[in-house]
Amino acid sequence: MSSAYRLPHATCIDYTKPLRFTFDGKSYQGFHGDTVASALLAQGVHLMGRSFKYHRPRGVMAAGAEEPNALLDVSRGGGRSVPNLRATQVELYDGLVVKSQNRFPSLRFDVGAINDLLAPLFGAGFYYKTFMGPRKAWAHLYEPVIRHAAGLGHAPSKPDPDTYANQFAHCDVLIVGGGAAGLAAALSAGRSGARVIVADEQAQWGGGLLAERGVEIDGQPVQAWLAQTVRALQAMPHVRLLSRTTAFGYFQQNFIGLVERLTDHLAHPPQGQPRERLWQVRAKRVILATGAIERPLVFSGNDRPGVMLAGAARQFLNRYGALVGKSVLVFTADDAAYQAAIDLAQAGATVMAIVDLRENPQGPGIEAARALSLPVLTSHVVIETFGRLRINAAALGRIGPDGDVTPVKIEQCDALLMSGGFTPSVHLFSQSRGKLHYDADRQIFVPGISAQQECSIGAAKGTFALQESVQEGFAAGAEAAEQAGFKSQTIAPSRVRHDVPSCAGFSGAVPRPKGQRAGKAFVDFQNDVKVTDIISATQEGFKSIEHVKRYTTTGMATDQGKTSNMNALAVAADALGRTIPDVGLTTFRMPYTPVTFGSIAGLARGDLFDPVRKTPIHGWAQHHGALFEDVGLWKRAHYFPQKGESLHQAVLRECRTVRSKAGLFDASTLGKIEIVGPDAAEFLNRLYTNAWSKLAVGRCRYGVMLNEQGFVMDDGVIGRLADERFHVTTTTTGAPRVLAHMEDYLQTEFPELDVWLTSTTEQWAVIAVQGPLARQILQPFVTDIDLSPDAMPHMSVRTGHICGVETRLFRVSFTGELGFEVNVPSGQGRMVWEALWAEAEKHGACAYGTEAMHVLRAEKGFIIVGQDTDGTVTPADLGMDWVIGQTKPDFVGKRSLVRADMRKADRPQFVGLQTHDPHFVPDEGAQVVAVAEPATGSAALGFVTSAYDSATLGRSIALALVANGRARKGETVYLTRLDGQALPATIVDPVFYDKEGARLHA
Amino acid sequence: MLLIDCPHCGPRPELEFRYGGEAHVARPAEPATVDDAQWMAFLYLRSNPKGLHFERWRHMSGCGRFFNCARDTVSDKILKTYPAGQARPSLEALGLAPVDHEVRA
Amino acid sequence: MRETLMDAAPHPSFDEAGLPLTALALGATKLYPAPDLARFVLRVRPEDGARAAAAWGLSLPDALRASTHKDRHVLWQGPDEFLLLALTSEKQEIIDRLQAEMGGKPYSLVDVSHRNQAFLLTGEGAQQLLETGCMLDLDPASFPVGMTTRTLFAKADLTLWRRDTHTFHIELWRSFMPYVMGLLQQSAVAA
């Protein structure tokens, strides 16, 4: 062995596989199976971090997920960097690079430690009391300085290069925790044939059993029993064992979130292997076998490196072969620490003393310690510790019969093992909304009334004795399987020998000599909260534990108070003169341990964040240089720049071409709904403002849909294909909303109607052919439809064929020009588009995008719902009373239109704006005000909804909603700009071009 | 994620559904005949109870049907789901004693 | 339905609609693009459903099930909604037969042949691969052969239909295909 602190026997170490890693740039040796904490301890290194606030030197305190002090940054290069990892959970691999945090310039010499000397200034509420003003100093002085000085690790700044997987799973029984109780439950549930998932956060199965040596189960040494049990489970095909998997959240109806760590422990992760997998499990029954966490004792100097939990020292010894010290002092209020003292003594350490708070502890552990002649001091306490970067001595005191503490001596030591008993890990139980029960005898909270189909077993339930834990496991597994519908067998009860369970404990500050202040007695190690902070919070008037928590920040660090909450509660209860259950626990929140954003995001990143919907013509547009814009989930061709053209230039050209010749436009994203049935027209009568009954087959009408509040929610052209069949179009982004709105009324208000709705948005590719030459472009391809103006007037629809493909051909126009919209089956969209394009090119026509489409329609004063309306606009506001079928008794929204508010004179009205400077294109959203410099606080008249540079008109145009706007025509108003100016414009009619509509009837 | 028992498809994860607001708010048969106050109540007034709530859901990514649901807004427990158009179940049918919950007419 | 079994490649080309042109190897699972199909959405009053199905020689499927006769399949989508799949050559006959047999009863038949695209996912890993994005319990005990439903795969709606223990037929709106393909390919790497 390479170190005096490394022993040759351990349950988790493979001594044939030595590894090298670096900590703060220095190289160390460890073995396969080590964590960073165990490997460093085995080299005699305890100092692993600096504390959050006072920059006090800190060593490892625990051996698992609860570790508050030894937080590391692990960087693998290429953006792979994770802060705040617990050294006790980072598995070694060859070449691992870890760094300590929150120190400058080095861990051994940290200038921030000046804070420790100034500690009296930094008590609870320090920030609130100190940085009162001036207000500006917050942004420029206080916050930057505080942020630099405080905080633990640094968040990575580069994009995460790893991938993360997701898996939904269902099972009959989910067991959280793979210790003795959990494995026993898995065995009995698994034997019933139920689908079982067992999750454990550690790399190896066994939990606390891995630290046991002398215990026997059913006559077998504990490690043999463990290996046999795991083998039996692995042989069951319906049992899934997930190690390195943390159950971090318990949600409604037994929905549990698990994170499985797949590659963090590997020196060379396989190419493409995801780093983590998020399991989202729905379980019929959940068994919580999450164990218990040992409590620190609260005394001055309890945070010095070398002071650690007794159980942790035992785990480092028995699991990892790492001796935490050679002359150890044990300070306990519980029997379990005696086993730690015995194990360390047998491994060669000198036990200086076992200092027991209790007056007369009894039990096999105590007897065994005495049999080994370990010095046991009952009714004693540790009152102070000494040493700079590592403990070298501790002052002991004796508790007299009256409770007074008298200092007695100073004992040399290089490690101090403490135990205040064990706190059941009820985190998941509490997240499941179960109610905790306070066990006053043992001063612990245990699971009480379940809120979901779950049960807790073993130490998580407060059952610390191994024999009972295993028994509970067998029983719970069988019961859960039966509840899930399986027949279980009874497993004969196990017999456990030589177990020394926890049976007592202590919470709160330990007694100290009269007149001695609590000093640096830490409650929350990670957030540097001391006993005095909690007491001063209560003195300052904080009575609720939730307020004490937030004021002192106890329990609010990344460990969420796993080791501190019970002590904080006990200190607060004592200071408030109330009982622990009366003060109550703070809420347990997920996640149990920090979860990466990557695992939550899973595959929903980059191109796969959301579906990216593309039309059948997308590839052509891409090939022809289109730039795209996002419209809902769709990619739409925004404009088609020719060489060297800007957006502005391209749009001017596209608009001119459409008005003078023609253009092709991909309108495939328009929502389409086929409405079929004898009551189709009646249904439309009720859902749209217009009248539909008399619309002839082969004709179309522009329809406006209101919500029940009377506001415009969508519009579109609706064509009647047959008496009982309509082809409805909606806006691109409105399609799902409109269909849902229709289904809602059809299913719940008008179920008597015989009519059905089917989305056909993606059935049809839509090619708009617009412009004076539109007919010439289409003609060669259409064989069975007469396109002449008399046979097919504006607002008509025909079915027939184009390029030999079935088509629904609409004569409609959103540009104000002669126009057609060619619907063909999606799979043939590209072929038809290419045929039409070949013809269009001959005529000098262009392909145009959504920006030109917007300009062309604005020149005609056609609205875009969602741009020129905002959900508070009525048809009358838009000057579109003509869309209202006045003779209809009812339609959705009609009743609301006659409310008094809807008929006020000063409602916003849709108008055009002509800026006095023809080159000035106002911002969309610019305020419309009455004077150039309105008084502060005065209301605007309205706002600009659309504004463009119009090639057709050779000047800018704008549309706006202006209070009582139609009556203001001719008035000058001012349009605000972001630079603070407001420029004049005249209110005009919103139709700028071809008011008579001669062009679209061509 | 809640598990919601669609009356047509059985228990399904919440993400397949869309919430549809309070149930049993009937649209007046002849809106033109109701006064402004009644119409306002129909449009905007909802009971928003702490406890038993009758509400609409739609199995959007499933059968597409709207249905009704009795849910306890405190515990988030769903007591019953039933097809749209069916009468509101009685408290007895939901396994509740009448004193537990005040139901607004 | 005729499935052409082709050699599967890990990186084939994809067509305009996002379907692979040849079979796609997703680990041990294979993905086959379905051939062109005639597809109709049938909506009908529940009491007239059996009559409509009979017009095509099919029995009306129970809730969440499909019924099959030769190359014709009716998939339950909702209490009054069915998806009919057939050979493209049968399209007109299907329209005509239904009109003839319904005798004036109201119904809605809408052609969605091009709205949907479909593929088959087959292999022992198919179920677990689907469960990377599908929240349903696809264990054969809960989702047996012959079961079909609309559901979600991550953020995409689709129709899932179990043809046999290790084979699923999956229908979705065409523009969502590249998204689903991308997720399946990435998840297959992770499996």
Side-chain angles (χ1 to χ4, degrees), chain B residues 1-27 29-30 53-90 93-95, chain C residues 41-47 49 60-66 74-83 108 110 112 115-116 130-139 141-144 146-162 170-173 175-176 179-180 183:
Chain B
M1 186 168 20
L2 288 174
L3 212 50
I4 299 173
D5 194 11
C6 168
H8 308 289
C9 304
R12 294 296 188 96
E14 185 182 346
L15 283 180
E16 289 188 358
F17 298 84
R18 293 290 180 283
Y19 185 64
E22 185 162 7
H24 305 294
V25 180
R27 186 176 191 267
E30 290 181 47
H53 188 228
F54 295 94
E55 58 199 22
R56 296 164 2 110
W57 288 80
R58 183 180 180 212
H59 195 189
M60 185 80 189
S61 298
C63 64
R65 299 295 92 188
F66 280 86
F67 61 92
N68 293 331
C69 170
R71 182 176 61 98
D72 186 322
T73 59
V74 178
S75 69
D76 230 3
K77 283 222 167 81
I78 291 172
L79 305 171
K80 190 178 172 62
T81 56
Y82 51 102
Q86 264 187 18
R88 189 200 313 252
S90 66
L94 296 171
Chain C
V41 171
L42 170 70
R43 305 292 298 272
V44 64
R45 286 180 188 155
E47 63 267 28
L60 193 72
D62 292 337
L64 301 166
R65 291 295 185 279
V74 174
L75 280 63
W76 188 92
Q77 301 262 279
D80 69 348
E81 182 176 356
F82 303 89
L83 179 66
S108 158
V110 174
V112 294
R115 182 186 76 174
N116 291 11
L130 281 172
E131 286 173 344
T132 61
C134 174
M135 295 172 286
L136 304 184
D137 183 0
L138 299 182
D139 187 282
S142 311
F143 200 98
M147 183 161 171
T148 180
T149 184
R150 269 191 298 233
T151 185
L152 284 167
F153 185 81
K155 297 178 186 172
D157 283 280
L158 44 69
T159 293
L160 198 60
W161 173 27
R162 188 172 221 143
I170 293 150
E171 293 261 331
L172 58 148
W173 291 9
S175 69
F176 290 90
Y179 172 74
V180 170
L183 289 174

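The model shown is predicted, which means the values in this text are computed figures rather than measured ones. Note on naming: letters A, B, ... go to the chains in the order of the sequence lines (proteins, then strands), and numbering restarts at 1 for each one.
- C:Asp62 pairs by the salt bridge (Lys or Arg N to Asp or Glu O under 4.0 Å) definition with nothing, not counting sequence neighbours.
- The line from OG1 of C:Thr149 to NE2 of B:His8 is 12.5 Å long, rounded to the nearest 0.5 Å.
- Atom CD of B:Glu30 has 12 or fewer heavy atoms from other residues, nucleotides or ligands within 6.0 Å.
- Residues that satisfy the side chain to side chain contact (heavy atoms under 4.5 Å, CB included) test with C:Asp137, not counting sequence neighbours, are A:His170, A:Arg195, C:Glu131, C:Asp139, C:Ser142.
- Listed by chain and number, the residues in a side chain to side chain donor-acceptor pair (under 3.5 Å) with C:Asn116 are C:Glu171 (sequence neighbours excluded).
- When all heavy atoms of C:Pro79 and B:Cys63 are compared, the closest pair comes out as CD-CB, 4.1 Å.
- Looking at C:Trp76 and B:Cys9, their side chains come closer than 4.5 Å, going by heavy atoms from C-beta outward.
- Proximity to chain C at a heavy-atom threshold of 4.5 Å picks out B:Pro13, B:Leu15, B:Glu16 from residues 13-25 of chain B, in numerical order.
- Rounding to the nearest 0.5 angstrom, the gap separating the OG atom in B:Ser61 from the CZ atom in C:Arg150 is 9.0 Å.
- Ranked by heavy-atom pairs shorter than 4.5 Å toward chain B, the options C:Leu158, C:Thr151, C:Asp157 are led by C:Thr151.
- If you measure heavy-atom distances from C:Leu64 to chain B, the contacts under 4.5 Å come from the side chain alone.
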